[in-house]
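One structure is given here, and the rest of the page talks about it.
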Amino acid sequence: MVRAMQPRIIPRDEHGISRKQISPNALRTLYRLRDNGFIAYLVGGCVRDLLMGRTPKDFDIATDAVPGQIKRLFRNCRLIGRRFRLAHLHFQDEILEVSTFRASAPPEPPETEGEPESDRPPLHLKDEDGMVLRDNVFGTPEEDALRRDFTINALAYNIADFTVIDYANGLSDLEQRLIRPIGDPLVRFTEDPVRMIRAVRFSASHDLTIEPATWEAIRELAPTITRAAPARLYEEMLKIFLLGSARPVFTLMERSGLLAALFPGLSRWLAGGGERLAVLNTNLECLDRLYRGGLAPSSPLFLAALFGPVLEEEAIARHRDGIPYQQGLDAVCTGFLEELCTTVCIPGRIGGQLRRILAFQPSLHRMPPRRPAILAGRPEFTDAMAYLCLTAKTREENRRSLEWWQTFITTPAAATVEKSAPEGPAKRRRRRGRRRRPAEQPAP
Ligand code: ATP
Ligand code: MG
């Protein structure tokens, strides 16, 4: 447990947070809690972002009102969460999270011989290695701040007097642009290994440096990331790769050892050298560019960007051994996703979309394409085209197909459709000779 120190209070005229930067719904909520006699703080990432001059993704509120009291104050409130009850306030365009101050795990009580075991479930529960399994007691504002992951994420904005409260030296770390856990990095990353991924995420997205002892702890504990639940790790993957900093975060994941722990198959492939790392970097850079251009990449596209090159390469190798390309690709995808599921669990539906993006590529490469309008109407066409755009950056031979399709999409008449098979009712057309099944299409 992290011990509290005297918090530093920064008065309104000494920090840059103005109420104009806070969402009106969050402000009204803070005021209503305050006017009803409760403590009400903005907490977590939004305070960090406001101090950094960034627009927060969301505004989280912490209070000493307990869930039942919050529910009585707000008609738009829904209580959620089994592990820890917290309130969601639903507004037209925003959901605000309001949580009661909570404490982290207290030190283990000394074992007393002969004492009967309580049959009440423990409020805090750690496994034998120190990972927190359950964590649900209310606490003081200080306890609430100190249970958080990093010093810069433990700052609070107090609506009562518009001050910023710094419980863990977060302002100084923010000024030095440092990511540092509250307390001992080894202990904090053992309690929750996902914090290591959060450290590399914030470093990449907020352009911060991971403080040296923290970096060492991550490198030491990276293999333990697999102790976190595979479904949670998938959610974290989306946060790190879909929000505009996939390329820098990938570099940090690779250097820290997190990549090898999370994606052993990909890591083995990367170790094969050549241009492989450069290809993935280019793909991820493209995802970031899409995001910056306001086109949020889909999760299957991200998976294709990251895993497509290894999967296609293995499918081509099987094709050389005489297995039809599509059949080989399917088997490779199945094996890869099965292995991955023990660390990062990709939902079956998303895995299926990844396969379809990759399976679509040979149809896009066939020049001139068969029935392009029908292909363009298929649900996975957009992502398959986006993947073609990525691969055209590193594979010269894909550029021609990309150009053809881009022309077809913008001005279908200008594309050389007449050279392709007629659009007409496919079913009525009689084929001569043996039909080439998609499984026998040449590899891309
Ligand atoms: P983002 O801008 O990406 O939302 P954030 O810091 O707000 O960043 P959230 O995941 O929204 O991140 O979490 C809100 C806050 O909850 C964090 O700022 C941090 O204080 C706390 N927190 C989140 N995850 C953990 C964790 N694994 N361990 C401890 N505290 C955490
Ligand atoms: Mg947040």
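- In this structure, the side-chain contact (heavy atoms from CB on, under 4.5 Å) partners of Ala145, at least two apart in sequence or on a different chain, are Ala154, Tyr167.
- Shown here are the salt bridge (charged side-chain N to carboxylate O under 4.0 Å, His left out) partners of Asp330, two or more places apart in sequence or in another chain: Arg355.
- In this view, Thr209 satisfies the side chain to side chain donor-acceptor pair (under 3.5 Å) rule with no residue, not counting sequence neighbours.
- The salt bridge (Lys or Arg N to Asp or Glu O under 4.0 Å) pairs that include a residue from residues 23-39 number zero, where partners must be two or more places apart or lie in different chains.
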Hey, can you pull the donor-acceptor pairs under 3.5 Å for the side chains in residues 265-280, sequence neighbours left out?
from: Arg268; atom 1: NH2; to: Glu339; atom 2: OE2; distance (Å): 3.1
from: Trp269; atom 1: NE1; to: Glu313; atom 2: OE1; distance (Å): 3.3
from: Trp269; atom 1: NE1; to: Glu313; atom 2: OE2; distance (Å): 3.4
from: Arg276; atom 1: NH1; to: Trp269; atom 2: O; distance (Å): 2.6
from: Arg276; atom 1: NH2; to: Glu313; atom 2: OE2; distance (Å): 2.5

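- For Asp13, the side-chain contact (heavy atoms from CB on, under 4.5 Å) test picks out Pro11, with sequence neighbours left out.
- In terms of the side chain to side chain donor-acceptor pair (under 3.5 Å) criterion, Arg356 has no residue partners (sequence neighbours excluded).
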Which side-chain N or O atoms in residues 70-78 pair as donor and acceptor under 3.5 Å with protein atoms at least two apart or in another chain?
from: Lys71; atom 1: NZ; to: Cys77; atom 2: O; distance (Å): 3.1
from: Asn76; atom 1: ND2; to: His90; atom 2: O; distance (Å): 3.0

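- Scanning for side chain to side chain donor-acceptor pair (under 3.5 Å) contacts around Glu254 gives an empty result, with sequence neighbours left out.
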Please list, one pair per line, the donor and acceptor atoms closer than 3.5 Å that link side chains of residues 233-241 to other protein atoms, with sequence neighbours excluded.
from: Glu236; atom 1: OE2; to: Lys239; atom 2: NZ; distance (Å): 3.4

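- Legend: residues meeting side-chain contact (heavy atoms from CB on, under 4.5 Å) with Leu27, ordered by chain and number and at least two apart, are Arg19, Ile22, Tyr31, Ile159.
- Shown here are the side chain to side chain donor-acceptor pair (under 3.5 Å) partners of Thr151, two or more places apart in sequence or in another chain: Asp173.
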